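When a ligand or atom number is given, it counts from 1 through the structure's own listing order. Bear in mind the structure is a predicted one, so any value in this text is a computation, not a measurement. Below, each value reflects all heavy atoms present in this structure, side chains not excepted, and no hydrogens, waters or symmetry copies.
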Amino acid sequence: MQFRNSREFARQLDKEDKLSIYRNEFIFPKVNGKDVIYFVGNSLGLQPKSAKKYVDEVMKDWAELAVEGHFYAEKSWWDYHERFSGKLAKVVGANPSEVTVMNTLTVNLHLLMVSFYRPSGKRYKIICEEKAFPSDQYMISSQVRFHGNDPSDAIVEIKKREGEHNFRTEDVLKKIKEVGEECALVLVGGVNYYTGQVFDMKTITKAGHDVGAFVGWDLAHAAGNIELKLSEWEVDFAAWCSYKYMNSGPGNASGCFINKKYHNKKDIPRFEGWWGHNKERRFLMEPEFQPEPTADAWQISNAPILAMAPYLASLEMFDEVGMPALIEKRNKIVAYLEHVLHEIDKEVDSSFEIITPADQEKRGTQLSMFLHGEGKELFSYLMDQGVITDWREPNVIRLAPAPFYCSFEDMYEFGQILKKGIMEKKKA
Ligand SMILES: Cc1ncc(COP(=O)(O)O)c(C=O)c1O
């Protein structure tokens with residue numbers, strides 16, 4: 001499609017957008033009395049209006065039923081988490097039995113490492129990407145030390161080539177082959193948090209399996225953003241947070257995928273609790289653990305219902321719209337944003353560079369702008385003007401127009417504000 005950087009053209013795209021009605025289902029903060037242009041759905045998604053209703057429902061049930069709410073609330077609490085698996089399975093391309101919701105992301109990655117990082121003999125190394133999200137680095141490093149190994153030896157990082165912003169699949173595959181039978185686990189972020197690059201999860205998962213390693217994915221920036229086929233790709237495990245593209249609220253519960261080949265096993269190492277015990281027998285208070293025959297066997301504690309209510313509200317919307325429609329709009333709005341950025345670049349001769357892959361197959365909703373000249377003042381200027389982005393050291397502004405609630409006109413408007421900001425900085 002031939003784009004134009006004009007308000008009329010952007011408005012026309014909004015008119016044609018089947019998802020534009022969903023914008024009104026979210027609450028936008030205001031700056032200078034106007035709705036903000038919100039680019040940080042990759043950090044904390046906006047609040048769906050329906051979230052409050054779902055939370056109020058739990059508050060009412062708690063007030064009116066107290067403990068009886070576990071069994072007699074309309075959405076009973078004892079099995080509240082089970083309402084997620086069918087819908088989430090569609091978002092991540094899995095069987096419902098392979099998906100569960102519990103705890104938070106880093107906690108879940110630790111718990112999954114109990115099952116899937118089991119160093120033994122010369123197979124003890126973990127392959128991850130260089131400069132992985134810091135929490136992943138701390139998590140991996142502490143797991144390695146927990147097993148008595150030295151992180152500087154046991155952690156093997158995939159590197160970008162000198163002068164390049166993105167990882168090459170061929171380099172990932174080469175590294176996996178090189179580590180070979182010393183590799184216990186490949187654990188990478190499916191979408192890089194800094195650049196927005198999407199990894200070729202299918203090919204990398206196969207390569208990890210070919211050397212006899214487990215393969216897991218941190219899908220924090222992938223769930224609700226890109227097409228995932230975790231079952232088909234035969235991924236061993238994955239986890240994601242829900243507060244980014246999935247709009248569940250700050251610090252909210254994490255989703256987990258555990259391949260069905262590990263279900264129904266009593267001998268798999270796992271940290272266990274009563275919520276993973278066979279649900280028919282959970283309240284018989286028996287001493288011996290009998291795992292649920294699904295990913296729910298990894299559940300430990302009873303679910304935090306109040307926290308999970310907004311997640312369920314948001315998930316209902318994902319179910320209504322479906323990932324294919326979200327991805328279709330995502331591709332168009334990101335391409336339009338890219339066009340606007342290139343046009344502004346020509347108009348003001350700026351010095352920013354988009355470091356996210358230009359290939360639609362290799363990116364999701366995020367474009368990262370690397371500022372060569374304009375510094376953090378430009379970011380502050382945008383924030384003051386009601387454009388909410390985030391800044392990642394040393395000099396990156398991340399822009400993630402969530403297809404649920406961002407409009408094409410937002411992209412145009414952002415371009416105009418950006419242009420003004422760059423010109424003011426040049427004058428100063
Ligand atoms: C890629 C990635 N991994 C891990 C985390 C940590 O998430 P949590 O604080 O929910 O454990 C984040 C949070 O933004 C993230 O982006």
Side-chain angles (χ1 to χ4, degrees), residues 38-46 81 84 88 91-92 100-114 116-117 126-143 155 157-158 160 166-167 172 185-199 201 204 215-226 228 230 235 237-257 271 298 300-301 303-304 307-308 310-311 314 355-356 363-368 388-393 396-400 402:
Y38 199 73
F39 275 123
V40 281
N42 58 346
S43 185
L44 178 69
L46 288 181
H81 60 284
F84 289 74
L88 261 182
V91 173
V92 298
T100 193
V101 172
M102 59 188 197
N103 315 306
T104 45
L105 174 56
T106 310
V107 171
N108 282 341
L109 287 171
H110 272 299
L111 291 173
L112 290 164
M113 296 280 267
V114 170
F116 296 103
Y117 178 53
I126 301 183
I127 296 182
C128 62
E129 75 277 37
E130 69 172 344
K131 295 193 179 151
F133 189 80
S135 198
D136 289 9
Q137 295 185 44
Y138 311 147
M139 185 267 302
I140 292 173
S141 189
S142 62
Q143 284 281 339
I155 301 174
E157 290 185 340
I158 305 152
K160 292 174 196 164
N166 293 288
F167 296 93
V172 181
L185 174 68
V186 178
L187 178 56
V188 178
V191 175
N192 186 265
Y193 82 97
Y194 193 72
T195 61
Q197 178 188 7
V198 175
F199 281 82
M201 288 183 247
I204 295 169
V215 182
W217 294 95
D218 173 346
L219 300 179
H221 289 264
N225 175 17
I226 63 165
L228 294 165
L230 300 182
V235 165
F237 70 95
W240 56 93
C241 50
S242 55
Y243 43 80
K244 299 181 190 295
Y245 296 108
M246 303 217 60
N247 313 316
S248 72
N252 212 337
S254 154
C256 292
F257 166 88
F271 286 169
W298 275 260
I300 296 181
S301 296
M308 287 170 73
Y311 191 2
S314 167
I355 59 171
T356 306
R363 70 184 187 197
T365 302
Q366 177 180 324
L367 291 183
S368 297
I388 314 297
T389 69
D390 71 12
W391 176 262
R392 286 286 173 265
E393 295 295 340
V396 161
I397 289 179
R398 301 187 304 171
L399 305 165

Is a side-chain N or O of N108 found less than 3.5 angstrom from the main chain of M102, in a donor-acceptor match? yes
Output the distance between atom OH (Y311) and atom CG (N247), rounded to the nearest 0.5 Å. 10.5 Å
With sequence neighbours excluded, what pairs up with Y243 under the ring-ring contact (aromatic ring centres under 6.0 Å, His included) test? none
Angle class for the F116/F237 ring planes (parallel below 30°, perpendicular above 60°, tilted otherwise)? parallel
Would you say S314's side chain and S248's backbone share a donor-acceptor pair under 3.5 angstrom? no
Kindly print each ligand 1 N/O atom paired with any protein N/O atom under 3.5 angstrom away, one pair per line, or none if nothing qualifies.
unit_1	atom_1	unit_2	atom_2	d
ligand 1	3 (N)	D136	OD1	3.4
ligand 1	3 (N)	D218	OD2	2.7
ligand 1	7 (O)	Y243	OH	3.0
ligand 1	10 (O)	Y243	OH	2.6
ligand 1	11 (O)	T106	N	2.9
ligand 1	11 (O)	T106	OG1	2.5
ligand 1	14 (O)	K244	NZ	2.7
ligand 1	16 (O)	H221	NE2	3.0
ligand 1	16 (O)	K244	NZ	3.3

Under the 3.5 angstrom rule, does the side chain of Q366 hit a backbone N or O of R398 as a donor-acceptor pair? no
